[in-house]
Amino acid sequence: MENLIESRLYFCFNCRNHVALHDDIISKTFQGRNGRAFLFSHAMNVTIGPKEDKELMTGLHTIADVFCCDCDQVLGWKYERAYEETEKYKEGKYILEKSKIVRENL
């Protein structure tokens, strides 16, 4: 918990549940369903939906929607599998849409 206090946190836009740490951002240049999105190495206080294969801008991926565990809002998705070798770095990572999260400094 001590590390959480020193880090900038991201919250669900709807209920203000903690969902990610600023330090876990890998990239801010991703595209979500509704605009800009961030790629995170980890997410917290989320639930993962069923896996599905989707053709995204960078090729075929197996993804699962990511939901806030408090209010059930869809926040983005988790990359479960990337079929292209150059996209493998995304596996196990989270896309959180900028419009679905808010940042706060503690």
Side-chain angles (χ1 to χ4, degrees):
M1 187 67 180
E2 188 175 301
N3 289 341
L4 287 179
I5 294 170
E6 297 172 6
S7 297
R8 289 180 285 178
L9 297 171
Y10 284 87
F11 300 88
C12 170
F13 79 104
N14 188 53
C15 72
R16 300 299 194 254
N17 182 28
H18 301 134
V19 294
L21 299 174
H22 178 78
D23 292 345
D24 290 334
I25 294 176
I26 296 169
S27 176
K28 294 182 177 183
T29 61
F30 276 69
Q31 185 68 28
R33 291 180 184 108
N34 303 304
R36 286 188 48 207
F38 300 157
L39 181 68
F40 285 87
S41 59
H42 300 92
M44 62 182 117
N45 301 320
V46 296
T47 55
I48 309 299
K51 297 176 187 177
E52 61 177 307
D53 286 340
K54 278 269 206 195
E55 186 68 39
L56 302 175
M57 291 182 349
T58 55
L60 182 62
H61 294 78
T62 302
I63 64 170
D65 283 343
V66 172
F67 301 87
C68 174
C69 71
D70 281 353
C71 70
D72 218 27
Q73 280 286 329
V74 177
L75 302 176
W77 65 83
K78 181 179 180 184
Y79 286 104
E80 298 288 350
R81 181 174 179 199
Y83 291 88
E84 300 288 330
E85 194 61 38
T86 57
E87 301 299 311
K88 293 283 188 188
Y89 75 96
K90 296 176 184 174
E91 291 181 344
K93 310 292 189 303
Y94 297 82
I95 287 289
L96 298 180
E97 297 196 44
K98 189 175 178 192
S99 65
K100 303 291 182 117
I101 57 175
V102 291
R103 185 180 76 187
E104 188 170 313
N105 296 327
L106 292 178

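Counting only distance, with no hydrogens or angles, the side chain of E87 and the backbone of G59 share no donor-acceptor pair below 3.5 Å. Judged by distance alone, with hydrogens and angles left aside, the side-chain atoms of K100 form no donor-acceptor pair with the main-chain N or O of F13 at under 3.5 Å. E91 contributes a side-chain N or O that, together with a main-chain N or O of A82, makes up a donor-acceptor pair within less than 3.5 Å.
Between the CZ atom in R81 and the NZ atom in K88 there is a gap of 5.5 Å [rounded to 0.5 Å]. For the atom pair Q31 CD and R36 CZ, the distance stands at 9.5 Å (nearest 0.5 Å). In this structure, CD1 on I63 lies 5.5 Å from CD on E52, to the nearest 0.5 angstrom. With values rounded to the nearest 0.5 angstrom, C68 atom SG is found 11.0 Å from R16 atom CZ. Summarising the geometry, atom NE2 belonging to H18 is positioned 7.5 Å from atom CD belonging to E104; distances are rounded to the nearest 0.5 Å. Within the model, atoms NZ of K90 and CG of L39 stand 8.0 Å from one another, a figure rounded to the nearest 0.5 Å.
In terms of hydrophobic clustering, with Ile, Leu, Val, Met, Phe, Trp and Tyr side chains grouped at heavy-atom distances under 4.5 Å, V66 and I26 are assigned to different clusters. Transitive grouping of hydrophobic side chains (ILVMFWY, heavy atoms separated by less than 4.5 Å) keeps V102 and I25 in distinct clusters. Cluster annotation: L96 and F11 are assigned to distinct hydrophobic clusters (Ile/Leu/Val/Met/Phe/Trp/Tyr, side-chain heavy-atom contacts under 4.5 Å, transitive). Follow the hydrophobic side-chain contacts under 4.5 Å out from F67 and you never reach M44; the two are in separate clusters. Residues F30 and W77 share a hydrophobic cluster, clusters being chains of Ile/Leu/Val/Met/Phe/Trp/Tyr side chains in contact below 4.5 Å.
Counting all heavy atoms, side chain and backbone alike, A37 lies closest to I95 at CB-CG2, 3.7 Å. Summarising the geometry of C12 relative to L75, their closest heavy-atom pair is SG-CD2, 4.1 Å, with the distance given to 0.1 Å. Between N34 and S99, the shortest heavy-atom distance links the atoms CB-OG, 4.3 Å. A pairwise comparison of heavy atoms in A64 and G49 identifies CB-O, 3.3 Å as the closest pair.
When the side chain to side chain donor-acceptor pair (under 3.5 Å) test is applied to D53, the partners found at least two apart in sequence or on another chain are T62, Y83. Residues satisfying the side chain to side chain donor-acceptor pair (under 3.5 Å) criterion with D65, sequence neighbours excluded, are R33.
Using bins of under 30°, 30° to 60° and over 60° for the plane-to-plane angle, the ring pair Y10/F40 lands in the perpendicular bin.
Enclosure of atom NZ in K51 is not indicated, since only 12 or fewer non-hydrogen atoms of other residues, nucleotides or ligands lie within 6.0 angstrom. Around atom CD of E85, no more than 12 heavy atoms belonging to other residues, nucleotides or ligands sit under 6.0 Å away.
Taking 4.5 Å as the limit, some side-chain heavy atom of F38 sits within range of a side-chain heavy atom of I101.
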Inset, instruction - Dump the intermediate steps for side chain to side chain contact (heavy atoms under 4.5 Å, CB included) on I48 and Y94, then the final yes or no. - result: CA-CA 10 Å; I48 309 299; Y94 297 82; 3.8 Å; yes
Inset, instruction - Test C69 against N17 for side chain to side chain contact (heavy atoms under 4.5 Å, CB included), laying out the working first. - result: CA-CA 8 Å; C69 71; N17 182 28; 3.7 Å; yes
Legend entry - side chain to side chain contact (heavy atoms under 4.5 Å, CB included) evaluation trace for H22 with L9: CA-CA 6 Å; H22 178 78; L9 297 171; over 6 Å; no
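Pairs engaging residues 67-79 under the salt bridge (charged side-chain N to carboxylate O under 4.0 Å, His left out) rule: none recorded [sequence neighbours left out].
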